[in-house]
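Just so it is clear, the model here is predicted, and its values are computed rather than measured. Residue numbers count from 1 along this sequence.
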Amino acid sequence: MSDILTVTEETSARAAQVLRGLALDEDLKWRVPADPVLGPLARRVARRFVAGESIEAALERVAEVVGSGHRASVEYMGESCRDARRAVAETDVFVDAARRLAPGVSISLDLSHIGLAVGEDLAFDNATRIAEATAGAGRELMISAEGSERTDAVLSVHRRLCERFAHVGITVQARLHRTEADLRALLDLRGRIRLVKGAFLEPESVAYTREDPALAAAYLRHAELLADSGHPCSFATHDWELIGRIDRHLGGSGRDGVPWEFETLLGLGRDRLDAMAAKGHPTREYVVFGTEWWLYVCNRLAEDPRRLFQAIVDAASPEARPAGGRETDLAPAPAGGKLTNTTTRGGAVR
């Protein structure tokens, strides 16, 4: 009898759960990059998904994205910052990015990166500073999704920001059972709504599993609601079938001035964007930078465990480059220390 190992859907689902669990281990975001053996291997994997550790690396990658005919969104990676002074310092990085990025490039952030893990008021104060900077630069500010235990607080801060600003958007996860009700409330507010599947480790009482066919049905249902509403929205998915069905719902083509766009993550969906752009749809690539890249990479692998095979290839290839992209500035960690961003001290996760 053959001992050939078969990768079943159950095994794949369990692998995804393990990766999502790793993405919740905040200690690993420092230990893995600093490890003399694991660090160099992890960096080779991360280069596919991360522009680099510095704002300069993000600026270079954004220029490449825009030059390819797509819009760009930039996020400085970091989450669960529990030090108020550091949250303020991290806010400074976003304010600097708002001033330095090319016109039309949006900024995304996790509210827990700028103080939500300390308190809602601190997050609101810091987010207000970033909203003022992005408004002054004429660019959108997008609030990213976080775990379901933070959803109420994230929506609360967003609602408070919408009382003053018209350019602050929000991300909702199709996985969460609560999203249908949340969406209908959000349609009464200003700002773009970004729809994602959701990559966080969640109980089934709160969210569909990533493998559940009901997730695709929920995403499509929410996408059609957004499309029919005329509200500014982003369909953020790499799922070819969903992209095709949304495209057909939109009439099979886009045009100037439409309120929607298709969005994919750096290193994962340029072919999707090219296909939609060829049909006239607005398209956007999501570019991340910063030093807290390990948890972000775990979530990207968890979304589709088949990516682990490419990760193994990348880890074993010192000269690996992101497909269609440029080299990053992911540098070795200082001996015995934590990684720091070249412009300040922190990181980010979608």
With no hydrogens and no angle check, is any side-chain donor or acceptor of R44 less than 3.5 Å from a backbone partner on S317?
-> no
Apply side chain to side chain contact (heavy atoms under 4.5 Å, CB included) to I114 and R129, showing your working.
-> CA-CA 11 Å; I114 59 169; R129 286 184 55 208; over 6 Å; no
In this structure, which one of E90, E79, R86 forms a side-chain hydrogen bond (donor to acceptor under 3.5 Å, both in side chains) with H113?
-> E90
Could you go step by step and tell me if L41 and D314 meet the side chain to side chain contact (heavy atoms under 4.5 Å, CB included) rule?
-> CA-CA 8 Å; L41 296 175; D314 289 346; over 6 Å; no
Regarding R194 and S234, is there a side-chain donor-to-acceptor distance under 3.5 Å anywhere?
-> no
Over 12 non-hydrogen atoms of neighbours within 6.0 angstrom of CD in E241 | no
Are the side chain of S156 and the backbone N or O of A153 linked by a donor-acceptor pair below 3.5 Å?
-> no
Same cluster (ILVMFWY, side-chain, under 4.5 Å), L176 and V157 = no
Indicate whether the side chain of R284 and that of S106 have a donor and an acceptor atom separated by less than 3.5 Å.
-> yes
CZ/R245: more than 12 non-hydrogen atoms of other groups inside 6.0 Å = no
Will you find, in the side chains of S144 and T171, an N or O donor that is under 3.5 Å from an N or O acceptor?
-> no
Quick check: are there more than 12 heavy atoms from other residues, nucleotides or ligands sitting under 6.0 Å from CZ of R159?
-> no
Under 4.5 Å between side-chain heavy atoms, hopping through other hydrophobics if needed: is there a path connecting F235 to L273?
-> no
Hey, is CZ on R178 packed in by over 12 heavy atoms from elsewhere, all under 6.0 Å?
-> yes
Pair listing, side chain to side chain donor-acceptor pair (under 3.5 Å) test, anchored in residues 202-224, at least two apart = S148-E202
In plain terms, say whether E263 and R192 are close enough for a salt bridge, that is, a side-chain N and a carboxylate O under 4.0 Å apart.
-> no
Atom CG of D96 and atom CD1 of I130: how far apart are they, to the nearest 0.5 Å?
-> 11.5 Å
Would you say F94 and V118 are hydrophobically clustered, going by side-chain heavy atoms of ILVMFWY under 4.5 Å?
-> no
Does L226 share a hydrophobic cluster with L189, counting links as ILVMFWY side-chain heavy atoms below 4.5 Å and allowing steps through other members?
-> yes
Counting distance only, does the side-chain N/O of H231 pair as donor-acceptor with the main-chain N or O of P259 below 3.5 Å?
-> no
Spacing of CZ belonging to R300 relative to CG belonging to L268, to within rounding of 0.5 Å | 7.5 Å
Result for side-chain hydrogen bond (donor to acceptor under 3.5 Å, both in side chains) between E285 and one of R71, R272, R270, H70 points to R270
Between SG on residue C233 and CG on residue L186, distance to nearest 0.5 Å | 12.5 Å
Can the positive tip of R307 be found less than 6.0 Å from the middle of the six-membered ring of F309, inside 45° of the ring normal?
-> no
Pair E146, S112: side-chain N/O donor-acceptor within cut-off below 3.5 Å | yes
W260-L225 co-clustered via ILVMFWY side chain contacts under 4.5 Å | yes
Side chains of E64 and S68: do they bring a donor and an acceptor to under 3.5 Å?
-> yes
